[in-house]
Enquirer: 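Structure in structure tokens, see below.
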Amino acid sequence: MIRVATILTLVLALTACNEEEIQDASTTLQNAVENQDLQKPQVKVSNNQLRWSQSYASEYRVLLWLNDQDFSEHFTDKRQFNPALLGLTPGQYVAIVEAYDTAGNSLFSDPVNLEVL
């Protein structure tokens, strides 16, 4: 997957006049992407799968609860999660997504209900 910074760097490099301008453009864009503030993920349920908004996180932890049982946790670097692939007990689950960055900061989504068939 090509990162946004790579694409923007390429665009600026094509319009830059010399190597120094190309390097400056690349550094500026890379810093902008890396310094994005972590944001709370906005989770949606679609076709019994979880999908969430861009949070500028390096990884996500998905927490799932069935009734009053202990939670299960699952890690991903994607912005979607399909619990059907886990072989979970069918039922109505509560799900929360935790987004965290490389500095160890984290934010939790609001809980959503998810039907596992």
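Treat the numbers as computed from the prediction; the structure is a model and nothing was measured. Basis for what follows: all heavy atoms, side chains included, without hydrogens, waters or symmetry-related copies.
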Enquirer: Do Glu73 and Leu64 have side chains that approach each other closer than 4.5 Å (heavy atoms only, starting at C-beta)?
Expert: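 Not in contact.
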Enquirer: Please report the shortest heavy-atom distance between Gln92 and Glu115, naming the atom on each side.
Expert: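 That closest heavy-atom pairing would be OE1-OE1, 2.6 Å.
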Enquirer: Rounded to the nearest 0.5 Å, how far does CG of Asp77 lie from OH of Tyr60?
Expert: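 Here the rounded value is 9.0 Å.
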Enquirer: Can you check whether Leu88 reaches Pro83 side chain to side chain, under 4.5 Å on heavy atoms?
Expert: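 The answer is yes; the side chains approach within 4.5 Å.
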Enquirer: Rounded at 0.5 Å granularity, tell me how far CD in Gln42 sits from OG in Ser109.
Expert: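 Spacing of CD (Gln42) from OG (Ser109) equals 8.0 Å.
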Enquirer: Would you check if the side chain of Asn82 reaches a backbone N or O of Ala84 as a donor-acceptor pair within less than 3.5 Å?
Expert: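 It does hold such a pair.
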Enquirer: Does the side chain of Val112 reach to within under 4.5 Å of the side chain of Trp52, using non-hydrogen atoms?
Expert: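 With C-beta onward as the side chain, the pair stays apart.
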Enquirer: Would you name the heavy atoms of Trp65 and Asp70 that are closest together and state the gap between them?
Expert: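 Nearest pair, atom of Trp65 first, then Asp70: CD1-C, 4.3 Å.
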Enquirer: About how many Å separate CG of Leu38 and CG of Asp101, when rounded to the nearest 0.5 Å?
Expert: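 With rounding to 0.5 Å, CG (Asp101) is 5.0 Å from CG (Leu38).
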Enquirer: Side chains of Gln39 and Ser55 only: does a donor on one sit below 3.5 Å from an acceptor on the other?
Expert: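 No, no side-chain donor-acceptor pair sits under 3.5 Å.
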Enquirer: Is any side-chain heavy atom of Tyr93 less than 4.5 Å from a side-chain heavy atom of Leu63?
Expert: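 Tyr93 does not reach Leu63 side chain to side chain.
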Enquirer: With a 4.5 Å heavy-atom cut-off, do Val43 and Arg51 have their side chains touching?
Expert: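 Result no, sub-4.5 Å side-chain heavy-atom pair not found.
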Enquirer: With side chains defined as the heavy atoms from C-beta onward, is the minimum distance between Leu114 and Leu50 less than 4.5 Å?
Expert: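 Yes, at least one pair of side-chain atoms sits under 4.5 Å.
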Enquirer: Taking atom types as modelled, find out whether Glu59 and Tyr100 have a side-chain donor-acceptor pair closer than 3.5 angstrom.
Expert: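 A pair is found: one side chain offers a donor N or O, the other an acceptor, under 3.5 Å apart.
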Enquirer: State, without any angle test, whether His74 and Thr76 hold a side-chain donor-acceptor pair at a distance under 3.5 Å.
Expert: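 Their side chains do not contain a donor-acceptor pair, so the 3.5 Å distance test is not met.
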Enquirer: With a 4.5 Å limit on heavy-atom distance, are the side chains of Phe71 and Ile96 in contact?
Expert: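 Sidechains of Ile96 and Phe71: no contact.
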Enquirer: May I ask whether Val62 and Val94 are part of the same hydrophobic cluster, defined by side-chain heavy atoms of I, L, V, M, F, W, Y residues being less than 4.5 angstrom apart, directly or through others?
Expert: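 Result: no, two separate clusters.
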Enquirer: Within the structure provided, determine whether Thr89 and Leu66 are in side-chain contact (heavy-atom separation under 4.5 Å).
Expert: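 Yes, at least one pair of side-chain atoms sits under 4.5 Å.
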Enquirer: Let me confirm one number: the CZ-OG distance from Arg61 to Ser106, rounded to the nearest 0.5 Å.
Expert: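 If I round to the nearest 0.5 Å, the distance is 7.5 Å.
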Enquirer: Would you say CG of Asn113 has more than 12 non-hydrogen atoms from neighbouring residues, nucleotides or ligands within 6.0 angstrom?
Expert: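 Buried by this count: over 12 neighbours within 6.0 Å.
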